[in-house]
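Read through the structure below, which is laid out as structure tokens, and then see the notes.
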Amino acid sequence: SQTIHQWPATLVQPVGSPLSLECTVEGTSNPNLYWYRQAAGRGLQLLFYSVGIGQISSEVPQNLSASRPQDRQFILSSKKLLLSDSGFYLCAWRKVQATYGYTFGSGTRLTVV
Amino acid sequence: QKEVEQNSGPLSVPEGAIASLNCTYSDRGSQSFFWYRQYSGKSPELIMFIYSNGDKEDGRFTAQLNKASQYVSLLIRDSQPSDSATYLCAAQRAQKLVFGQGTRLTINP
């Protein structure tokens, strides 16, 4: 069966520090991968998605970047965090051409102080 | 205009009653529609998806889609306190899933 791992679960970082969040999927190959952010009390905002190794599409211009160095690994990064980067970061995957929904990881709650 | 819109609530329903959650979408190119449930502090979990006009039933849940009206709904029958959560509607367009802001549902015992 397929599983998605996301870490860390919580993170407190000072303003101006770098960020690296990692997501990996097991039990499938060539998945579509997604990074979402959820601000407190809000819906999910799509940040980046990837349909293959090295292929990254950015949805919202901002202080973040994403990379996909391996087929089942998706990384979200920032060189310098802003207070507005605080939120609940969720990684998700979907089988290509599937009609069923996206499966989410357990999320990382990031607080920038 | 937001691509996917939901009434943010909160929606309060007595235990055992039917909860009705609504969602509209603006992009007629959207192909499939999803309902996710999210408990406080947790990640969303998929409840149902629908891509054809009409109703789709799964246990106590029924999803309804009307593409002409660009309207999606979720009915929860025999509501239980464990159904208290935020319900997220999402529309898929090409490779992307776009979410509404969610409706907070509270089931009162």
Side-chain angles (χ1 to χ4, degrees), chain A residues 2-11 21 23 25 30-52 55-60 66 68 74 87-111, chain B residues 1-11 21-27 30-52 56 58 61 63 65 72 74 85-106:
Chain A
Q2 302 91 0
T3 55
I4 179 169
H5 302 280
Q6 195 179 338
W7 65 93
T10 59
L11 197 56
L21 302 180
C23 170
V25 180
N30 195 30
N32 283 0
L33 296 171
Y34 303 82
W35 279 111
Y36 284 86
R37 177 172 63 197
Q38 187 175 37
R42 308 291 294 276
L44 275 67
Q45 178 188 34
L46 179 61
L47 302 176
F48 301 94
Y49 69 95
S50 171
V51 299
Q55 301 179 58
I56 308 294
S57 296
S58 174
E59 286 297 296
V60 182
R68 185 170 177 174
F74 205 22
F88 191 35
Y89 287 81
L90 291 154
C91 180
W93 79 275
R94 181 176 78 100
K95 199 173 183 68
V96 177
Q97 301 303 325
T99 55
Y100 48 83
Y102 299 29
T103 301
F104 285 86
S106 54
T108 296
R109 191 162 303 280
L110 171 67
T111 304
Chain B
Q1 181 185 11
K2 291 183 180 177
E3 195 164 339
V4 179
E5 295 209 52
Q6 296 179 254
N7 186 329
S8 60
L11 176 65
L21 302 159
N22 305 316
C23 171
T24 59
Y25 62 96
S26 60
D27 188 346
S30 299
Q31 302 149 324
S32 303
F33 304 87
F34 303 83
W35 284 99
Y36 283 81
R37 178 176 62 199
Q38 186 177 25
Y39 292 114
S40 181
K42 302 295 185 182
S43 62
E45 53 180 331
L46 180 67
I47 299 174
M48 292 194 70
F49 68 92
I50 186 168
Y51 51 85
S52 299
K56 180 181 178 182
D58 184 2
F61 299 96
L65 173 61
V72 192
L74 179 70
T86 296
Y87 288 80
L88 300 164
C89 173
Q92 180 176 324
R93 177 170 46 85
Q95 303 292 344
K96 299 186 292 186
L97 195 61
V98 179
F99 284 84
Q101 70 271 35
T103 297
R104 187 155 55 93
L105 173 66
T106 300

Within this structure, what is the CD-OG1 distance for the pair B:Glu45 and A:Thr103, rounded to the nearest 0.5 Å?
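Those atoms lie 11.0 Å apart.
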Looking at CD of B:Gln95 and CD of A:Gln55, how far apart are the two atoms once the value is rounded to the nearest 0.5 Å?
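Going from the CD atom of B:Gln95 to the CD atom of A:Gln55 covers 10.0 Å.
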Report which part of A:Leu90 has an atom under 4.5 Å of a heavy atom belonging to chain B: side chain, backbone, both, or neither.
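Contact with chain B is through the side chain of A:Leu90 alone.
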Measure A:Gln45 against the heavy atoms of chain B and call it side chain, backbone, both or neither at under 4.5 Å.
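For A:Gln45, neither part sits under 4.5 Å from chain B.
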Results of salt bridge (charged side-chain N to carboxylate O under 4.0 Å, His left out) for B:Arg93 - residues two or more places apart only
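Scan of B:Arg93 (salt bridge (charged side-chain N to carboxylate O under 4.0 Å, His left out), adjacent residues dropped) gives B:Glu3, B:Asp27.
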The criterion is salt bridge (charged side-chain N to carboxylate O under 4.0 Å, His left out); which residues satisfy it with A:Arg37, sequence neighbours excluded?
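Once residues adjacent in sequence are excluded, the partners of A:Arg37 under the salt bridge (charged side-chain N to carboxylate O under 4.0 Å, His left out) criterion are A:Asp85.
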Which heavy atom of A:Ser106 sits nearest a heavy atom of B:Ser43, and at what distance?
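Between these two residues, the closest heavy atoms are CA-OG, 3.9 Å.
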Close side-chain approach of B:Gln38 and A:Phe104, heavy atoms under 4.5 Å
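B:Gln38 does not reach A:Phe104 side chain to side chain.
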Chain A interface, residue from B:Leu97, B:Leu88, B:Thr86, B:Val4 that has the most non-hydrogen pairs under 4.5 Å
B:Leu97
Bottom line for B:Gln31: the part with an atom under 4.5 Å from chain A's heavy atoms is neither
Please check: side-chain N/O of B:Tyr36 versus main-chain N/O of A:Tyr102, any donor-acceptor pairing under 3.5 Å?
yes
Report, as yes or no, whether the 6.0 Å neighbourhood of atom NZ on B:Lys56 holds more than 12 heavy atoms from other residues, nucleotides or ligands.
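Yes.
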